[in-house]
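On a predicted model such as this, the values are computed, not experimentally measured, just so you know.
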Amino acid sequence: MTEGVRTRIAPAPSGSIHVGNARTALYNWLFARHHGGTFVLRVEDTDRKRATDEAYGAVLEDLRWLGLDWDEGPEVGGDLGPYRQSERLERYRSATSDLVERGAAYPCYCTPEELDERRKLAQAAGRPQGYDRQCRELSGEHRASYEADGRTHVVRFKVPDGRTVVFGDVVRGEISTQTSQIQDFVLMRSDGSPMYMLATTVDDALMNITHIIRGEDLISATPRQLLLREAMAVAGVPVFAHLPLLVDDRGKPLSKRWGDVAVSAYRDQGYLPEAMVNYLALLGWSYDDKTNIFSLDELVEHFGLERVARNPAAFDVNKLEWLNGHYIRQMTPEALAEALVPFCAAAGFEAGDDRGRAVLRDVSPLLVERLKRLDEAPPMVRFLFEDVSPDAKAATTIDGRADYLVEAAVRLEGLEKWATAAIEDALRTLAAERELKSKQAFQPIRAAVTGTLISPPLFESLEILGQQETVKRLRRAAA
RNA sequence: GGCCCGGUAGUCUAGUUGGCCGAGGACGCCGCCCUCUCAAGGCGGAGAUCACGGGUUCGAAUCCCGUCCGGGCUACCA
């Protein structure tokens, strides 16, 4: 029973995917993987206006970055393709003409303007605002005359009267709707392109999707899809699971106005895919009452629809950051160094050459426990790549300590072995001689060498910077 | 307006065959310890009248009714 599981993610190619869609993709992927099933990627690009090639590429890139590989879909193929709706137009047309032939759908010649006008009238009169079924039973002559007038038409679905559509939602239980609540919705636009309702229903049926896991916003679309499947005589009914919405910190649906909603924005700030996946998994799903950290493999092992929450979940960057810090701490120095190269470049200095990489590898152990995002690293390591001038606070700390800094330079200059322990020893000895507290002793040096009052641990940093450069900066700060 | 879905601390949640919950964990927040800064780590703390009001019951976050609030759909958007 479970081995036949087929799930899909059907994004519109409108650029880097929304984190909400990323979560939906993740849940579909996890469910398929957990059951040893098939995960299908289908691109819903019927809205030609917005579907560009770059946007399409961004979608695939995001999914790959998250580690969600698809078994069927663009670039990998599959037996039930093509997997871009723009290449499946024939199927939608033939499904539509079948429906019309069978009397389950009909052409509607009303223009948008007429519809709009009648809708307003109905609203003013307090009548239901839906389509008034004017073209539902058009005579042959009437139809011909419309055609003769050069009117175009859409195709509408003939919603049956007096029925109750019931379906079992895995996360919400039974949901039922009276067909009187459903209008004769449009299947096919007048330009011959399919509407969402038609396209997904046809594709889900043709692609044998067994479990439809999607956002709560589509819950009221479900009865229409069920009616359509029935009219198309599709055998069997998929299992539905509607996920709670993702909202912002005010409880409003996540929108571009709130903050970053695109996966790429998080990638650019230095969030790791492991953290993103872990966080997204927990936004609306839980394993037990205490586990927070999950690798992809662990998620595959534990994930199930039974423990999906019903209430909307607020996207909390704080928790994402915490998880990200956790995963950064797990990185090896080599991996961290490699990951930081592009962030340094973005910050304006090159660390991609051999020396640069070596330096990054050396600082990584110092960085690892103080980074929450990769983009926080450049400011911390910049002093290792470029000469620095003290910021305001650092300047104040240096002020009046010239004599001390020169002495520190002298001591360090005299060191035979340039290593953390020796550096620390020399500086602590000097501090003791001058009866300085650690903080008083080391902050000026930090300020002089790194240009700021906040940096990775001092002695290790000096070792990495090098004896010559350290001494040079101390002397210059004293001047 | 109609229909549908939802409502446990600032946030994610555990809990849903009623008692083990005078509500558990995590993020965040506050304090202490550690400490050369910042972190990380350890320890401790504040924070929830379980949306509200009735009811059933010896006993309700958990069951019933009503109310309020939020959201979705109601498009030739998806």
[N] phosphate, OP1 or OP2: any side-chain N/O from [X] under 4.0 angstrom?
X	N	value
Ser455(A)	U37(B)	no
Arg189(A)	A78(B)	yes
Lys252(A)	G71(B)	yes

Check: His153(A) ring centroid to Tyr146(A) ring centroid under 6.0 Å: no
Below 6.0 angstrom between ring centroids: does that apply to Tyr131(A) and Phe185(A)? no
Please report, rounded to the nearest Å, how far the [atom2] atom of [N] is from the [atom1] atom of [X].
X	N	atom1	atom2	result
Arg370(A)	G41(B)	CZ	P	12 Å
Glu376(A)	A40(B)	CD	C1'	13 Å
Asn311(A)	G7(B)	CG	P	5 Å
Tyr92(A)	C76(B)	OH	C1'	17 Å
Gln85(A)	C77(B)	CD	C1'	13 Å
Leu89(A)	C76(B)	CG	P	19 Å

Touch check for [X], heavy atoms < 4.0 angstrom, all strands: base, sugar-phosphate only, or nothing?
X	result
Gly325(A)	nothing
Arg214(A)	nothing
Arg250(A)	nothing
Pro312(A)	sugar-phosphate
Leu283(A)	sugar-phosphate
Leu218(A)	base
Val186(A)	sugar-phosphate

Under a 4.0 Å threshold between the charged nitrogen and the carboxylate oxygen, would Lys120(A) count as salt-bridged to Glu117(A)? no
In plain terms, say whether Glu376(A) and Arg370(A) are close enough for a salt bridge, that is, a side-chain N and a carboxylate O under 4.0 Å apart. no
Heavy atoms from other residues, nucleotides or ligands near CD of Glu433(A) exceed 12 (cutoff 6.0 Å): yes
Pick the closest RNA chain B nucleotide for Ser190(A) and for Arg23(A) by heavy atoms, then say which residue is nearer the 5' end. Arg23(A)
Of Pro253(A) and Arg156(A), the one whose closest nucleotide on RNA chain B sits nearer the 5' end is Pro253(A)
Sole candidate of Arg136(A), Lys158(A), Arg224(A), Arg156(A) that passes salt bridge (Lys or Arg N to Asp or Glu O under 4.0 Å) when paired with Asp184(A): Arg136(A)
What nitrogen or oxygen pairs link the protein and nucleotides 32-36 of chain B at under 3.5 Å?
residue, atom, partner, partner atom, Å
C36(B), OP1, Arg428(A), NH1, 3.4
C36(B), OP1, Arg428(A), NH2, 2.7
C36(B), O2, Arg446(A), NH1, 3.1
C36(B), O2, Arg446(A), NH2, 2.8
C36(B), N3, Leu458(A), N, 3.2

Using the side-chain contact (heavy atoms from CB on, under 4.5 Å) definition, which of the options Val154(A), Thr201(A), Leu228(A), Val100(A) pairs with Leu187(A)? Leu228(A)
Could you go over nucleotides 23-28 of chain B and give all protein N or O partners under 3.5 Å, atom names and distances?
residue, atom, partner, partner atom, Å
G24(B), N2, Asp289(A), O, 3.2
A26(B), O4', Asn292(A), ND2, 3.0
A26(B), O2', Asn292(A), ND2, 3.4
C27(B), O2', Asn318(A), O, 3.4
C27(B), O2', Lys319(A), N, 3.2

Can you tabulate the close N/O pairs, meaning under 3.5 Å, that link protein atoms to atoms of nucleotides 1-5 of chain B?
residue, atom, partner, partner atom, Å
G2(B), O2', Gln181(A), OE1, 3.0
G2(B), O2', Gln181(A), NE2, 3.4
C3(B), O4', Gln181(A), OE1, 3.0
C5(B), O2', Arg172(A), NH1, 2.5
C5(B), O2', Glu216(A), OE2, 3.0

